[in-house]
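Report on the structure given below.
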Amino acid sequence: MEEFETVLDTADFAARFCDAEKSVRLCEKCPNYGTRWACPPFAEKFDVSAFSKARVVVRRIKVSGGFSETYKRARADFDAEILRREREAGAGAVGMFAGSCANCPLGECTRKTGGECIRADTMRTSLEAVGFDVSKIARELFGIEIEWDGASGRAAETLTLVSAVFCP
């Protein structure tokens with residue numbers, strides 16, 4: 001496992017890597033759109049201007065035992081790490097996970113049935129869901145090209161998770 005991180009001024013981070021309109025168009029094509037609490041559309045827009053700094057964290061893991069299994073294990077650990085960093089950052093900090101909901105004990109999200117999220121205290125959205133281009137972030141900040149599983153007809157050998165903690 002490799003981990004990389006940097007801290008950026010939030011306005012600069014958003015100007016370089018956020019295009020909410022493009023992101024929404026991409027999200028609308030995903031089967032999770034509107035069906036998971038961590039996915040758009042959201043009742044309120046994420047206001048990046050409410051934060052001064054963004055701590056961007058990238059974790060790369062060698063795929064072992066299949067991509068799905070690696071992803072599930074890695075997300076459980078990385079999500080816990082992002083929540084820990086969010087707590088350490090203090091009041092008003094907001095963590096963003098690396099992708100949609102993961103490791104929920106329910107087979108289907110309660111958003112589909114109009115219920116509340118059963119993990120609302122630990123569920124976070126992702127950078128992608130609020131408009132950030134994680135491929136561009138990984139490439140330009142850390143020199144990492146994300147391998148998307150199944151892209152070009154082959155399995156990814158490395159899982160790359162891109163998250164951030166926004167601080168007031």
Side-chain angles (χ1 to χ4, degrees), residues 1-28 30 32-61 71-106 109-112 114-142 144 146 159-168:
M1 177 182 77
E2 297 176 286
E3 192 165 288
F4 309 88
E5 76 175 79
T6 191
V7 176
L8 294 107
D9 173 79
T10 303
D12 178 54
F13 182 53
R16 288 176 63 189
F17 301 109
C18 190
D19 182 343
E21 290 179 23
K22 177 182 175 185
S23 179
V24 167
R25 286 192 306 273
L26 292 171
C27 285
E28 287 173 340
C30 177
N32 294 336
Y33 183 81
T35 66
R36 292 188 180 185
W37 286 114
C39 296
F42 300 113
E44 295 177 25
K45 183 180 180 226
F46 180 70
D47 183 9
V48 73
S49 69
F51 304 94
S52 65
K53 298 288 179 195
R55 178 174 300 277
V56 182
V57 185
V58 174
R59 188 175 281 183
R60 289 175 48 97
I61 300 147
Y71 180 78
K72 186 172 178 137
R73 286 189 312 268
R75 277 293 306 275
D77 181 57
F78 197 46
D79 290 359
E81 176 64 17
I82 294 302
L83 289 173
R84 183 188 68 76
R85 289 172 184 239
E86 179 188 83
R87 284 189 304 276
E88 286 179 355
V94 174
M96 297 267 175
F97 287 164
S100 187
C101 298
N103 301 309
C104 182
L106 298 179
C109 183
T110 58
R111 185 173 183 180
K112 288 182 179 180
E116 297 292 320
C117 177
I118 65 163
R119 295 177 59 198
D121 59 329
T122 60
M123 188 276 299
R124 301 294 183 273
T125 193
S126 67
L127 287 168
E128 304 97 295
V130 297
F132 286 88
D133 183 336
V134 295
S135 292
K136 186 175 179 184
I137 291 167
R139 182 176 50 258
E140 292 187 13
L141 294 180
F142 305 104
I144 297 168
I146 295 178
L159 169 64
T160 304
L161 303 172
V162 181
S163 294
V165 177
F166 289 88
C167 305

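Below, each value reflects all heavy atoms present in this structure, side chains not excepted, and no hydrogens, waters or symmetry copies. Computed from a prediction, not measured in an experiment: that's the story for all the values here.
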Nearest-0.5 Å distance that lies between atom [atom1] in [X] and atom [atom2] in [Y]:
X	Y	atom1	atom2	result
Leu159	Ile146	CG	CD1	9.5 Å
Asp9	Lys53	CG	NZ	5.0 Å
Arg60	Thr160	CZ	OG1	4.5 Å
Ile61	Phe78	CD1	CZ	8.0 Å
Arg36	Cys101	CZ	SG	6.0 Å
Ser163	Leu83	OG	CG	10.0 Å

Which atoms form the tightest heavy-atom contact between [X] and [Y], and what is the distance?
X	Y	result
Val165	Ala89	CG1-CB, 4.2 Å
Leu161	Ala98	CB-CB, 3.6 Å
Ala129	Ala38	CB-O, 3.7 Å
Gly99	Tyr71	CA-OH, 4.1 Å

Side-chain ([X]) to main-chain ([Y]) donor-acceptor, under 3.5 angstrom:
X	Y	result
Thr110	Glu116	yes
Thr35	Lys112	no
Arg111	Cys39	yes

Requested in this report: Could you tell me whether the side chain of Val56 reaches within less than 4.5 Å of the side chain of Leu8, counting heavy atoms only?
Outcome: yes
Query raised in the report: Any side-chain heavy-atom pair from Phe51 and Cys167 closer than 4.5 angstrom?
Result: no
Query raised in the report: Does a side-chain N-to-carboxylate-O contact under 4.0 Å join Glu86 and Arg124?
Result: yes
Those residues that, when tested against [X], pass salt bridge (Lys or Arg N to Asp or Glu O under 4.0 Å) (two or more places apart):
X	result
Asp79	Arg75
Arg84	Glu81, Glu88
Asp47	none
Glu3	Arg59, Arg85

Report summary line: Residue set satisfying ring pair (Phe, Tyr, Trp, His ring centres under 6.0 Å) with Phe13, at least two apart, ordered chain then number -> Phe17, Phe132
Query raised in the report: Which of these, Asp133, Val57, Ile137, Leu141, sits in a side chain to side chain contact (heavy atoms under 4.5 Å, CB included) with Val162?
Result: Ile137
Query - Residues Arg139, Ile144; criterion side chain to side chain contact (heavy atoms under 4.5 Å, CB included); working and verdict - result: CA-CA 5 Å; Arg139 182 176 50 258; Ile144 297 168; over 6 Å; no
Requested in this report: Check whether the ring centres of Phe166 and Phe46 lie less than 6.0 Å apart, and answer yes or no.
Outcome: yes
Requested in this report: Determine, step by step, whether Met96 and Ser126 satisfy the side chain to side chain contact (heavy atoms under 4.5 Å, CB included) criterion, reporting the C-alpha distance in whole Å, the side-chain angles of both residues, the deciding distance to 0.1 Å, and the verdict.
Outcome: CA-CA 5 Å; Met96 297 267 175; Ser126 67; 5.7 Å; no
Query raised in the report: Between Phe42 and Val130, is a side chain to side chain contact (heavy atoms under 4.5 Å, CB included) present by the stated rule, with each step listed?
Result: CA-CA 9 Å; Phe42 300 113; Val130 297; 4.3 Å; yes
Query raised in the report: Please, which pairs that meet side-chain hydrogen bond (donor to acceptor under 3.5 Å, both in side chains) have at least one residue in residues 11-28, sequence neighbours excluded?
Result: none
**Report entry** Evaluation steps, side chain to side chain contact (heavy atoms under 4.5 Å, CB included), between Leu127 and Phe97
**Finding:** CA-CA 7 Å; Leu127 287 168; Phe97 287 164; over 6 Å; no
